[in-house]
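One-based numbering, in listed order, for ligands and for the atoms of each.
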Amino acid sequence: VLEHGRSILDRGASAVEAVEQCASLLEDDPLFNAGCGSVLNENGKVEMDAGIMDGRDLAAGAVAAISNVANPVQLARLVMDGSEHVLLIGDGALHFAEHCGVKLTPDHYFFTPDRIKQLEQARLHHRIMLDHDDEGEEQKYGTIGAVARDRAGNLAAATSTGGIVNKRMGRVGDSPIIGAGVYADNASCAVSATGYGEDFMRTVFAKTLADIIDFRGGDARSAVDEGLAYLTRKVQGRGGAICIDGAGRCASGMTTKKMIHGWIEHGGEAICRF
Ligand code: ASP
């Protein structure tokens, strides 16, 4: 995915195009909690959220509590580019998808045996849980996100998720909430976050990282460190973030045990952390 991002950015793609394409590849991978392979809610259904933002002009698009759309991030992009709104939910979002010619995908595409087992476990223990905050090796593939800076220096961010395991029907997390789970502003940075969405919404997490740079100065590293410290101090929030700043410096951090992620900084080597 990193190399795909590199190759399209090298050929002149915009940061928005890069985050949309990279997020789509991750949505298509059944290992991750987004698109195919999303976690299941209390009714055993997939309900997905996604958001995308363009740091050039703060244009943003998002969808929430949607089913049967293989690539929610692409629908979020259509909301950004093709509607006068920022966030569409549920049936309204699906109606808009059909209006845009997005083909709906049958339920079975989204389900994986691991997610069915995971819901059974969550129900057994009466738990609503993050899918990647567990000791088990098999549990480490979470929500997906991408941030990018293009050759013109523009920033963009995208986040997509099935949410948290055994969540209530209709529950929306931070991922499609601009400023909570996703944010991009050329003046500061692009951020994609993962973790217990309620904590990220209450602390307006992604925008807080941008504000740290915008109002106080600093870089992606200091924004992630200070932002995660704030999340812990205020709400004992659990999760992590990836961030790229206007100078192309990359940073990541987490308060959970794991967050698979990787980066390419200033055209260098692709680095992955498992
Ligand atoms: N932030 C997502 C949510 O609360 C879950 C996650 O990141 O794994 O919906």
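In summary, the atoms of ligand 1 found under 4.0 Å from a heavy atom of T194, numbered by their order in the structure, are 6 (C), 7 (O), 8 (O). Close approach of ligand 1 to D174 is summarised as follows: ligand atoms under 4.0 Å from at least one heavy atom of the residue are 1 (N), 2 (C), 3 (C), 4 (O). Listed by number with element, the atoms of ligand 1 under 4.0 Å from a non-hydrogen atom of G163 are 5 (C), 9 (O). Listed by number with element, the atoms of ligand 1 under 4.0 Å from a non-hydrogen atom of G195 are 1 (N), 2 (C), 3 (C), 4 (O), 5 (C), 6 (C), 7 (O).
Using a distance-only test at 3.5 Å, with no hydrogens or angles considered, a donor-acceptor pair links the side chain of H261 to the main chain of M259. Looking at N33, its side chain never comes within 3.5 Å of a backbone N or O of T161 through a donor-acceptor pair. In this structure a side-chain-to-backbone donor-acceptor pair under 3.5 Å is missing from T255 to L228.
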Residues 96-104 side chain polar contacts: donor-acceptor under 3.5 Å, at least two apart:
none

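Checking only distances, G197 does come within under 3.5 Å of ligand 1, N or O to N or O.
Using a 3.5 Å distance cut-off with no hydrogens or angles, the side chains of R115 and Q118 do pair a donor with an acceptor. Between the side chains of N71 and D28, at least one donor-acceptor pair of N or O atoms lies under 3.5 Å. The closest side-chain donor-acceptor pair between D225 and S222, if any, does not fall under 3.5 angstrom.
A heavy-atom separation below 4.0 Å is found between R171 and ligand 1. Ligand 1 has no atom lying under 4.0 Å from any heavy atom of G142.
Counting heavy atoms under 4.0 Å from ligand 1, residue L130 touches it through the side chain alone. Neither the backbone nor the side chain of M129 has any atom closer than 4.0 Å to an atom of ligand 1 (non-hydrogen atoms only).
With atom 6 (C) of ligand 1 as the reference point, the heavy atom nearest to it among I144, I164, T143 is part of T143.
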